[in-house]
**Q** 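Quick one: the structure is below, questions incoming.
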Amino acid sequence: MSPATSNPFGEPDVILEDELQEPRLYRVLLHNDDYTTMEFVVSVLVEVFHKNAEQAAAIMLAVHVNGVGVCGMYPHEVAETKVAMVHSRARRAGFPLKSTMEEAG
């Protein structure tokens with residue numbers, strides 16, 4: 001076998017020189033409103049974002065006090081899914097809770 005053909009099928013080994021890059025991350029945000037209850041926001045943070053009770057309460061208070069709170073950072077498709085899940089749960093419960101995503105950077 002020649003040095004370029006070290007596999008049993010006689011095909012040259014492939015050397016990849018491209019560096020793998022981490023996917024861009026996006027912050028998922030919750031926005032304050034005058035109608036969505038704090039309890040519902042905490043439940044969304046626990047169920048959708050898998051936060052524990054203490055983390056959920058801290059984020060909910062940030063939303064309440066600052067008008068917006070960061071729920072987490074995710075790759076684009078995951079962030080989109082989380083935003084859609086928040087909107088779906090909020091609408092089913094009759095709340096206008098708004099979630100958005102922005103590129104972290």
Side-chain angles (χ1 to χ4, degrees):
M1 271 190 179
S2 70
T5 58
S6 60
N7 69 40
F9 301 107
E11 298 171 4
D13 289 339
V14 177
I15 298 172
L16 297 178
E17 294 183 15
D18 293 336
E19 290 185 33
L20 295 178
Q21 294 182 359
E22 294 291 322
R24 285 185 271 171
L25 295 178
Y26 293 79
R27 284 193 263 315
V28 176
L29 309 170
L30 289 181
H31 300 268
N32 192 37
D33 64 66
D34 293 332
Y35 302 100
T36 305
T37 65
M38 293 180 181
E39 294 81 12
F40 182 77
V41 172
V42 168
S43 73
V44 164
L45 289 163
V46 169
E47 295 168 11
V48 175
F49 298 95
H50 308 290
K51 302 297 182 187
N52 64 37
E54 187 176 297
Q55 293 168 323
I59 295 168
M60 176 274 298
L61 285 174
V63 172
H64 181 69
V65 172
N66 303 323
V68 68
V70 178
C71 304
M73 292 183 27
Y74 307 94
H76 189 270
E77 290 178 358
V78 175
E80 277 184 328
T81 300
K82 299 272 187 194
V83 167
M85 290 172 69
V86 169
H87 290 161
S88 175
R89 288 172 186 250
R91 300 312 168 258
R92 277 196 315 262
F95 292 118
L97 182 61
K98 179 180 176 185
S99 180
T100 60
M101 57 188 264
E102 66 182 19
E103 189 170 356

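Residues: numbered from 1 along the sequence shown.
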**Q** With sequence neighbours left out, write down each residue that passes side chain to side chain contact (heavy atoms under 4.5 Å, CB included) with Thr100, or none if nothing qualifies.
**A**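 Applying side chain to side chain contact (heavy atoms under 4.5 Å, CB included) to Thr100 gives Leu29, His31, Lys98.
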
**Q** Under the ring pair (Phe, Tyr, Trp, His ring centres under 6.0 Å) definition, can you give me all pairs with a residue in residues 51-74, not counting sequence neighbours?
**A**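 Counting only pairs at least two positions apart or across chains, no ring pair (Phe, Tyr, Trp, His ring centres under 6.0 Å) contact touches residues 51-74.
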
**Q** Ignoring hydrogens, what is the shortest heavy-atom contact between Gly69 and Val63? Give both atom names and the distance.
**A**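 For Gly69 versus Val63, the nearest heavy atoms are N-CG2, 3.5 Å.
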
**Q** Tell me every residue that passes ring pair (Phe, Tyr, Trp, His ring centres under 6.0 Å) with His76, counting only those two or more places apart in sequence or in another chain.
**A**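 Partners of His76 by the ring pair (Phe, Tyr, Trp, His ring centres under 6.0 Å) criterion, ordered by chain and then number, come out as Tyr26.
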
**Q** Does Val83 have any side chain to side chain contact (heavy atoms under 4.5 Å, CB included) partners at least two apart in sequence or in another chain, and if so, which?
**A**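 Testing Val83 for side chain to side chain contact (heavy atoms under 4.5 Å, CB included), a comparison that skips the adjacent residues, returns Val28, His87, Ser99, Met101.
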
**Q** Which residue pairs pass the salt bridge (Lys or Arg N to Asp or Glu O under 4.0 Å) test when at least one of the two sits in residues 60-85, sequence neighbours left out?
**A**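 Sorted result for residues 60-85: empty, none.
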
**Q** Can you name the residues that form a salt bridge (charged side-chain N to carboxylate O under 4.0 Å, His left out) with Glu102, not counting sequence neighbours?
**A**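 Salt bridge (charged side-chain N to carboxylate O under 4.0 Å, His left out) check on Glu102 returns Arg27.
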
**Q** Between Val46 and Val70, is there a shared hydrophobic cluster once you connect ILVMFWY residues whose side-chain heavy atoms come closer than 4.5 Å?
**A**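 No.
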
**Q** Can you hop from Leu45 to Val68 via hydrophobic side chains spaced under 4.5 Å?
**A**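 In one cluster: no.
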
**Q** Which residues, ordered by chain and number, are linked to Leu25 in its hydrophobic cluster, where ILVMFWY side chains connect at heavy-atom gaps below 4.5 Å, directly or through other members?
**A**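 Its cluster partners, ordered by chain and number, are Met73.
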
**Q** Considering only residues two or more places apart or on different chains, which pairs with a residue in residues 61-70 satisfy salt bridge (Lys or Arg N to Asp or Glu O under 4.0 Å)?
**A**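 Residue pairs passing salt bridge (Lys or Arg N to Asp or Glu O under 4.0 Å), neighbours aside: none found.
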
**Q** According to side chain to side chain contact (heavy atoms under 4.5 Å, CB included), who are the partners of Asn52, at least two apart in sequence or on a separate chain?
**A**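 Glu54, Gln55.
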
**Q** Would you list the pairs meeting side-chain hydrogen bond (donor to acceptor under 3.5 Å, both in side chains) in which at least one residue belongs to residues 34-48, sequence neighbours left out?
**A**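 Every pair satisfying side-chain hydrogen bond (donor to acceptor under 3.5 Å, both in side chains) with a residue in residues 34-48: Asp33-Thr36, Glu47-Arg89.
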
**Q** According to salt bridge (charged side-chain N to carboxylate O under 4.0 Å, His left out), who are the partners of Arg24, at least two apart in sequence or on a separate chain?
**A**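 So Arg24 forms a salt bridge (charged side-chain N to carboxylate O under 4.0 Å, His left out) with Glu103.
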
**Q** State which residues pass ring pair (Phe, Tyr, Trp, His ring centres under 6.0 Å) with Phe95; sequence neighbours excluded, sorted by chain then number.
**A**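 Counting only residues at least two positions away or on another chain, Phe95 forms a ring pair (Phe, Tyr, Trp, His ring centres under 6.0 Å) with Phe40.
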
